[in-house]
2 protein chains.
Amino acid sequence: MIDKLSSKPVYEQIVDGVERNILLGLYPVGEQVPSVRELSVGLGINPNTIQKSYTELIRRGVICSSPGSGCFVTPDARDRIRRRAMERLPQLTALAGELLLAGVRAEELYAAIECAVKNENK
Amino acid sequence: MIDKLSSKPVYEQIVDGVERNILLGLYPVGEQVPSVRELSVGLGINPNTIQKSYTELIRRGVICSSPGSGCFVTPDARDRIRRRAMERLPQLTALAGELLLAGVRAEELYAAIECAVKNENK
DNA sequence: CAGGTGTACTATTTCACATAGTACACCAAA
DNA sequence: TTTGGTGTACTATGTGAAATAGTACACCTG
């Protein structure tokens, strides 16, 4: 689940993974998220790295911490995640622009999007 | 043109910039590309960093070097760049998939692509 | 009280990136 | 032939983010 060889930092992979599990319903709203030490031993990652990920998730308002009890999924976690995703639409436009400039045809771009849409509905 | 504060390494920015200039016709096929030292002083970047970018461009077959004379745009540079772009289509699909999972609607994705297409044709 | 929780430190290691400086072989024009 | 610009190679150094290691403390709950 965690790729230490990836160019994307481990702590970012963990952030993405937690958000993904929230979206998939594996981490229900209001429920407790795995503890720092639990995730640490489960993933074989240093606790400080997990802590860094959780600090980021707290900053994003996706989870909230109750020192002594644990970290819990925020009631509006899904909304927060969705809003952040909306702000990433320009990334999609930029990437599409690069490919267009390189000579990729528009239909091929639309086909790539359609591919993602089809994968989503199954 | 070069953003030293960007998360993208300078040498990658230079690679992208050269390929972009080739696609735009600013660096015509067969013509000489700016020399290492020339780009170095022009961009205020260390020659070794420019050299690293050129080594990558040579590896991609986009330019070829003639020691003593300079580096020149390969006859099939555009094809090479286009093929590499085609291989990046999965990136577009993956990004679209992430946004879909986060709750972004398909129409919004298509709109983002259309935005890129419109910018291209002007 | 005891155990699990989040949190805060400092220190260390690793690695990619970028820079600095030097040197050499090559080609073309004067 | 000489001169100047070209690519290329090499070592050394500095920088910053990322990750690890270890310790410590405050908090909540059973």
Side-chain angles (χ1 to χ4, degrees), chain A residues 1-19 21-22 27-28 30-75 77, chain B residues 1-19 21-22 27-28 30-75 77:
Chain A
M1 181 182 181
I2 296 296
D3 179 14
K4 291 194 177 188
L5 301 182
S6 167
S7 61
K8 173 177 291 190
V10 173
Y11 83 92
E12 283 186 20
Q13 295 183 46
I14 295 172
V15 168
D16 292 346
V18 171
E19 287 193 341
N21 284 342
I22 292 175
Y27 295 166
E31 292 296 304
Q32 183 177 358
V33 140
S35 76
V36 171
R37 292 169 180 80
E38 189 178 347
L39 253 192
S40 174
V41 300
L43 298 179
I45 303 294
N46 189 281
N48 291 328
T49 303
I50 311 289
Q51 178 63 38
K52 184 174 184 178
S53 303
Y54 277 20
T55 299
E56 172 62 19
L57 288 166
I58 291 170
R59 194 191 65 81
R60 295 187 184 182
V62 171
I63 65 177
C64 60
S65 77
S66 178
S69 309
C71 285
F72 303 85
V73 178
T74 290
Chain B
M1 182 178 180
I2 296 297
D3 179 13
K4 291 194 177 185
L5 301 181
S6 168
S7 61
K8 173 176 292 191
V10 173
Y11 82 92
E12 284 187 19
Q13 295 183 45
I14 295 172
V15 168
D16 292 346
V18 171
E19 286 193 341
N21 284 342
I22 291 176
Y27 294 165
E31 291 295 305
Q32 182 176 359
V33 139
S35 75
V36 172
R37 293 169 179 80
E38 189 178 349
L39 254 193
S40 174
V41 301
L43 299 178
I45 303 295
N46 189 283
N48 291 328
T49 302
I50 311 289
Q51 178 64 38
K52 185 173 183 180
S53 304
Y54 276 20
T55 299
E56 172 62 18
L57 287 167
I58 292 171
R59 193 191 65 81
R60 297 187 184 181
V62 171
I63 65 177
C64 59
S65 77
S66 177
S69 309
C71 286
F72 302 85
V73 178
T74 291

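Being a predicted model, the structure only gives us computed values, none of them experimental. In what follows, chains are A, B, ... by sequence order, proteins preceding strands, each numbered from 1.
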Any side-chain N or O of [X] less than 4.0 Å from the OP1 or OP2 oxygen of [N]?
X        : N       : answer
Ser65(A) : dT7(C)  : yes
Lys52(A) : dT20(D) : no
Lys4(A)  : dT20(D) : yes

What's the closest nucleotide to the [X] side chain, out of [options]?
X        : options                  : result
Thr49(A) : dG7(D), dG6(C), dT20(D)  : dT20(D)
Glu38(B) : dT5(C), dT19(C), dT6(D)  : dT6(D)
Pro9(A)  : dA18(D), dT19(C), dG7(D) : dA18(D)
Ser35(A) : dG6(C), dA20(C), dT6(D)  : dG6(C)

Give the rounded distance in Å between these two atoms: [atom1] of [X] and [atom2] of [N].
X        : N       : atom1 : atom2 : value
Tyr11(A) : dA18(D) : OH    : C1'   : 8 Å
Glu56(B) : dA18(C) : CD    : P     : 13 Å
Gln51(B) : dC10(D) : CD    : C1'   : 12 Å
Ile2(B)  : dA18(C) : CD1   : P     : 10 Å
Asp3(A)  : dA19(D) : CG    : C1'   : 15 Å
Glu12(B) : dC17(C) : CD    : P     : 7 Å

Residue whose closest nucleotide on DNA chain D lies nearer the 5' end, Pro34(B) versus Pro47(A): Pro34(B)

Compare every heavy atom of Ala77(B) with every heavy atom of Ile22(B), then report the nearest pair and how far apart it is. CG2-CB, 4.3 Å

For Ile50(B) and Arg37(B), what are the C-alpha separation, side-chain angles and deciding distance, and is it a side chain to side chain contact (heavy atoms under 4.5 Å, CB included)? CA-CA 8 Å; Ile50(B) 311 289; Arg37(B) 293 169 179 80; over 6 Å; no

Going by atom type alone, with no hydrogens or angles, which donor-acceptor pairs under 3.5 Å involve a side-chain atom of residues 7-14 of chain A and a protein atom two or more places apart or on another chain?
unit_1: Lys8(A); atom_1: NZ; unit_2: Asp16(A); atom_2: OD2; d: 3.0
unit_1: Gln13(A); atom_1: OE1; unit_2: Asp3(A); atom_2: N; d: 2.9
unit_1: Gln13(A); atom_1: NE2; unit_2: Asp3(A); atom_2: O; d: 2.9
unit_1: Gln13(A); atom_1: NE2; unit_2: Lys8(A); atom_2: O; d: 2.9

Have a look at Ile58(A) and say if it touches a base, only the backbone sugar-phosphate, or nothing, with a 4.0 Å heavy-atom cut-off. sugar-phosphate

Once base and sugar-phosphate atoms are separated, protein heavy atoms under 4.0 Å mark nucleotides 22-30 of chain C, 5' to 3', with B, S and - as -B--BB---

